[in-house]
Each structure stands twice: as structure tokens, then as C-alpha cells.
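To start, the structure under review is shown below, and the notes come after it.
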Number of protein chains: 2
Amino acid sequence: MSLSVTAQRAPGAADSRRPSPIMREAAAGTPQPRRRPAQLAAAGPLQCPPARRPRCRGDGAVLPAWAALPAEVGGGRLGMAAALPAEVGGGRLGMAAALPAEVGGGRVGMAAAAKVEAAAAAAEERVRVWAAAQVASGRRVALVTSGGTQVPLETRAVRFLENFSSGRRGAVSAECLVSAGYGVCFLHRARSVFPWARVLPPPGPALLDAFRLTPGPPPGVAADPDALPALLPALRAYREAADAGALLSLEFTDLNEYLALLRATARALAPFGSGVMFYLAAAVSDFYIPASEMPEHKIQSSEGALQITMKMVPKMLSPLVKEWAPEAFVISFKLETDPLILIDKSRQALEKYRHQVVVANILESRRTSVIIVTKDSQTPLSLSEEEIAQGVEIEEKIVSYLQGQHTLFMEKKI
Amino acid sequence: MSLSVTAQRAPGAADSRRPSPIMREAAAGTPQPRRRPAQLAAAGPLQCPPARRPRCRGDGAVLPAWAALPAEVGGGRLGMAAALPAEVGGGRLGMAAALPAEVGGGRVGMAAAAKVEAAAAAAEERVRVWAAAQVASGRRVALVTSGGTQVPLETRAVRFLENFSSGRRGAVSAECLVSAGYGVCFLHRARSVFPWARVLPPPGPALLDAFRLTPGPPPGVAADPDALPALLPALRAYREAADAGALLSLEFTDLNEYLALLRATARALAPFGSGVMFYLAAAVSDFYIPASEMPEHKIQSSEGALQITMKMVPKMLSPLVKEWAPEAFVISFKLETDPLILIDKSRQALEKYRHQVVVANILESRRTSVIIVTKDSQTPLSLSEEEIAQGVEIEEKIVSYLQGQHTLFMEKKI
């Protein structure tokens, strides 16, 4: 029998055990000097110092982590990722722009990439204004990413690689963070679990049965009494959050949209320094197919077995921590199925990306227990049988613990 | 650059251009003599004639299409698919059981497979009773499949191959079929678009904003006036259908569940002969990874590029038409991205599977135009600009046309 799924080097690709240029620079890049938190009034686009503009591109030279291609992208605000085009054969667009074209593919992909970029630019401005208002009203700010990314296998795609994630972790955490006094920018997969809306059943007979016709006049629709005990408090909490503007919702579906929006929101939040928490709970694909290697049309099943080779997506934690928002409190999530490698993988991530916290969890037990891993500590959190029976959510404990860590971080005690 | 996605033979696999045993038998199998519609009272498990029990298994011999493994599976009700175990190295379980184990994998997979089988058996009984009641009350019966299947890439899976489908085609069609007097068994992907519930926004702020708190006492929740014009008629139609029992909802998520439920429902509906319509709108994966070739744990991205080889899923249209429900009126859907091959592919399917209708559609234009392809005809249906503006759905035209074809089929005029 043929070996079916192997994590191995792509035939013809460069030795993938050697880090790609973008990974090399991420690993080797000198940590940026920590800037003082910018004042609210001073919050504006971060300028790339002219003297440090990249000397070359497209010739295989490694670009420094902060390298931008201002002339090409019209703003000097693209960073590390700008190295990717050289790697993947592009050149005109900065990374978050290049990845979309690469992932989306060809003519269709280029148009889609331009749309993604425009949406990300609009989101950046929106988040900047929103965050300023939140901070002005005394809230800390958190970016919560949630749900799984989609990666197309065809240019006109009918098939996709999906990462498992209902979005429940992110949605419940967002609720807890709002309760704890954060303004939350909720960057989530479209149609994944949404804060407060999660008390409603998914689309189906149960959702329809949660409502009944009221005769009137005029005729109307009301929640079924059975649905009220869950729906009333959720709707109240949502209204309260909505009135305070404490939840800003942004949606992604595919990997490009996620990457472009992550960078846009990170930049918009960077001026608020250590008061910003990044709570990166989304399940982001590690793999994608470059546009140049993607078939345009639906893969025909009549041609036999299917063989797919996917490239690695550069980890965005690196530019996020080093460049986009270097002063923020950054939490990543590590989901594994093998408990034996969980802590090692978490520690490796902390060492590699130099961020503050990894929330480590195992697929089967993720709803009831996690381990909070920091440079110096390892703190298991779990629900007791009693707490489970009472409907306590593990996210309440995670957020409560991390809120405390964030306070210590802001006070420079950790 | 390495070639990235190719539809080609798996290394080490048998020549996949030669049909697999199951495909060979599907192609070569003598059409079964058409049985008279069984009377309701006589509806029971179809018995496999003892003389035709398979002579051998596990030795590579081609099993006849009707072959069952009664001794192993305890019931003589498993059909063609029983050939798969021999092909994929199993032996104890019949096909719908074997595929789940194969797709689900290992110990985890075996337990899951048993669960899937039990659920399918329960569904079969439920559909049998429900359909009898529908027919007794003067309704024809339709099985509508809807939404996309999920195929895991790991045994303890965090990554999946997904086929694109919102489930909109199936959901709107189910509504139209109920209106046209059919009892509809709606076999759909969990969380895909659901009949009538589709007027509600997806989970997110828009869904929460569709409702408002009513002060009471007692406090309650009512639909926002803006949501009422769409919600009221949908909820009324749903209630009417629910009261008549005209919609039976069954859910699947992964490919195994879909296959097992398709077979179970097909068998439950077979006794109702030509009065049954199969409306197969689900987007079913053409590819899967056998359990024996699947990594147990999450594929580690640190090991470089990802290479995946997937096998072809046997087309279930073949046993459905030849064996499970040979007298039914069967409609399949063909979605392509390349208009140049659409009609040819549709005609090939009709010739190969000998069913009645293919609804051919192109990804980009599927919401406004289709071509109904039969052995002798090719009928384009489309929406005019005016109809689009009025909110007419293409499914209204599809269902109206197919209802007429079904009547002619029942009267043996086509």
C-alpha cells in the first residue's frame, strides 16, 4: 500500500528543513528596541525609516525583518512579509498581498487579492478608531482570533483544506474578556461560533423550534418559553456590549483574508502598547498551495487518485511580535493530539517567537483542561466535575488567569 | 517549482486508471430485473438469495454487485459495497461499515464506524415508518441530499478536506418539493443551510440584531420588526410542514456518515417504487484517505511541505440505481467550473449509472441557470433579470420541471 499522508519535503522544492528566507530572517532578526507606548494622539501609521529601506529584492537576498517595499505598495507600511514575493516569484506586492495572490491564484486570485487588501486597509482604519474610543473609555483592548482558515485546492475552487475549529474557544473567551472590561476585536471565521449567539441552536429544526408565531394583531414572532432561560441573559449581555461598542466583529474565510486582517488589526492596535492583548485562538492552516502550482478547474476524479503537495505558511507570530505590535501582550494557542509533545512544542514556540504565553491543549480534553505555559511557569487549569455540572466554562478560568498576567505585564512585573 | 496538485496515480497503488474491483463490478454488473413495487405491508429487509452468496472474499476475486456477507454482518442486507473490505484489507464489516473504519481510522475509527452503523440502522427504520405515513396521506416521497462532506486527513483529525457547498441548493429545493406535495427526507450536512431557517442570518451580530428584548412582565424576546417580513412566512411554512410531518431531517458531517445514511434511506424508500424521487444535491468528496494510510496524530508542520495522496471514493450512484432502489426516479447534480466539459460529463454519468436526470451547473452561474440533461433531452432553465429582481429562485423552476418528469416516469411515459 502506498504511504498516504507524509509530512515531507516537496519534490523539487528547496530543502524545507532549512528555514525559508522568511523563516530565517524571522529566526535571525535582531529584536527591535522596545518603543515607549505611543500616546493616543500620536497614533498614526508607523513609518519605516528611509535609511532602512531594502537594498534589493527579487535577487534572492534575505531582506531584514523590518523591510518594506514602500515604492511598490504605496505606503511604507508593509513589513517582514515583504520578503515572500521574492521567494514565491512575485515582486509587485508586499507579503500579505502576495500570499493572497499566491493562494488565490492567477487572474481570479489577483482580483481577489486586491479586494482582500482593500478590505484589510478599511479594517485597519476602523479598528484604529474603535480602539482609541475603547481606550478613552477606560477599557483595555484585546484582539481575539477565532475559528479555522480555509485553503483552496483549485483556483476556481470547489475543494478546500480546512482546519478543525468550531470557534467556540474564541467566542466564549470574547464574552469573558468583555465581562472583564476589555474591548474585543473579534476576528473570526464567517459562520463560526459567535459570542452570545452561541446560545441559539445552529440553523436547523431546533433553531426554528426556538421561536413561535404570535397571533397579534399584528402577527409576530417570539422566542419559545423553553429557549428564554438561555436566550434572555445572552441577548442582554450582547446589547450591553453593543451599546458600549465593546465588541468589534471582523470576518475571514480563507487564509489570505485572515493573514491580511491579522496584520491590519495588529498595526491598528500597536500604538496602544502593552495595554493590548493578542489572544490568537484561531486554527490557522500550516499549509497552502501557491497559485502557480494550482489547477484552474475542478480536479477531475476520473483521472484517478489525488496527490497534493502543499507548502508551509510562514508563522505570523514572528512579524507580529517583532514588528507589527512589539509591545503587546501576546498569547498563542497550541492544539495537539499527542500529549507527549505538547509542552515541548509550547516551549519551542515561546523560545522561537519570544511572545508571552502559550495556552496548550489536547484535542480530546480541550473543553475541560489546558496548561498555561510561560517562559518561567507552567500552570494547569481545569474544571472539576462539579464545575462542569454547573456549566462553568474553561474559558472563564483561562481569561481570568490571563487578565492577571496581562496586568503584571503592563506593570513590567513579568 | 514542484508540481503541486496533480490528479494522478498514487505511488505504489494499483493502476488507478483501471477501475477498482468495486468500480469494475459497478460497470459490468448485469442490471437487476425490475421488481414490482413491494406493498407497504410486505416491506422488510431485502433478502439476499442464499445461492448467490459470494464464493470467496479477500482473494481479489470480483464480487457480484448484489454480493452480501450475511455471515459476517448478521443480516444479508449489505450489498455491492461489501466488496470494499477485500479491496482495502478489511474483512469483518460490510462496505458502509468498512468505509467508515477506513476513513475514520484505527481504533478510534472502528468505534466511530460502529456508531455510524447504529445511527444508520436507526435512521433506516425511522425513514421507513415516516415514508409509509407520507404515502398513506397521499404524498410522494423525495430524498434530498444537501451540503458538502468532510474527509479527515488524520485519525485524530484537526485537518479535513471539504467540498464547497453552502447547502442552499438542497435547502431551497426541499422547500419547493414540500410545497409541491412531496414528503422530504432532508439528508444534510450539519450546520449547512436548512429549509426556511435560511431566512435568518448566520450566527453573528446580524442574527442577534434580528431579535429584541421585550420588557414584559414577564420579559421575553421577539423578532425585530425589520426581520418579520421574511421570518413570518418562513416560520408559517415550516410549522405547516412540521405539522404534516412533511420534512424529516437527517444530518451527516463526514463522508462515512453520508454514505451509511444514503444507503439506509435508499433501502427504506425502495419499497415505494417509482413514487420516490432521489434528489442528490450534496457535494460528496471524490477522494478519501484509507485508515491504514493515515497518520494517527496531527501532522507536524515543522517537518516541511505536506504531501497527501488520496484514493477515489466509489460512486454510490451505481449501487443506488442498480440495487438499493432500482425503481426510483433518480436525479444527480453535476457541478463543474469548465463549461466546455459540462454536458459531456453529464451524458457520461447518465450512460454509466443509467439513472434518469442530471442537473448540470457551472459554479459561477449556479444560482441563475442550470441545464436539465436526460437520455433524450437537454433543457436549459434560467432566471430572467426580472425574476431575479423579484426574488424568484432557480430551484422553483428545477423542482417544477422535475416534478413533471417524475409524473411521466411514474406513468411509464419516459
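For the atom pair CD of A/E162 and CD of B/Q150, the computed distance is 8.5 Å after rounding to the nearest 0.5 Å. The distance from the CH2 atom of B/W196 to the CG atom of A/L207 is 14.0 Å, given to the nearest 0.5 Å.
When heavy atoms are compared at a cutoff of 4.5 Å, B/R198 does not approach chain A at all. Of the two parts of B/L247, neither the backbone nor the side chain holds a non-hydrogen atom closer than 4.5 Å to a non-hydrogen atom of chain A. Looking at A/P195, only its backbone comes within 4.5 Å of chain B, counting heavy atoms on both sides. Only the backbone of B/S192 comes within contact range of chain A, with at least one heavy atom under 4.5 Å from a heavy atom of that chain. In this structure, the portions of B/L232 lying under 4.5 Å from any heavy atom of chain A include both its backbone and its side chain. With a 4.5 Å cut-off on non-hydrogen atoms, B/L161 touches chain A through its backbone and its side chain both. Both the backbone and the side chain of A/D209 come within contact range of chain B, judged by heavy atoms closer than 4.5 Å.
Here the two rings, on B/F160 and A/F160, have centers that are 6.0 Å apart or farther.
Around the CD atom of A/E240, the shell of radius 6.0 Å holds no more than 12 heavy atoms that belong to other residues, nucleotides or ligands. The number of heavy-atom neighbours closer than 6.0 Å to CZ of B/R347, taken from other residues, nucleotides and ligands shown, is above 12.
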Checking side chain to side chain contact (heavy atoms under 4.5 Å, CB included) for the pair B/I308/A/Q307: CA distance, chi angles, key distance, verdict?
CA-CA 6 Å; B/I308 303 171; A/Q307 198 152 23; over 6 Å; no
Take A/L235 and B/V221 through the test side chain to side chain contact (heavy atoms under 4.5 Å, CB included) and record every step on the way to the result.
CA-CA 9 Å; A/L235 214 49; B/V221 172; 3.7 Å; yes
Test A/D286 against B/R159 for side chain to side chain contact (heavy atoms under 4.5 Å, CB included), laying out the working first.
CA-CA 10 Å; A/D286 293 314; B/R159 296 190 182 90; 2.7 Å; yes
Give the intermediate values and the outcome of side chain to side chain contact (heavy atoms under 4.5 Å, CB included) for residues B/L208 and A/F194.
CA-CA 10 Å; B/L208 292 164; A/F194 192 83; 4.1 Å; yes
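Between chain B and the options A/P219, A/A190, A/S249, the largest number of non-hydrogen pairs under 4.5 Å is found for A/P219. In terms of heavy-atom pairs under 4.5 angstrom with chain A, the leader among B/G148, B/P203, B/P218 is B/P203. Put simply, of B/A171, B/G220, B/P201, the one with the most heavy-atom pairs under 4.5 Å next to chain A is B/G220. Most heavy-atom pairs under 4.5 Å with chain B: of the set A/P205, A/A223, A/A222, this distinction falls to A/P205.
A pairwise comparison of heavy atoms in B/R239 and A/F211 identifies NH2-O, 2.6 Å as the closest pair.
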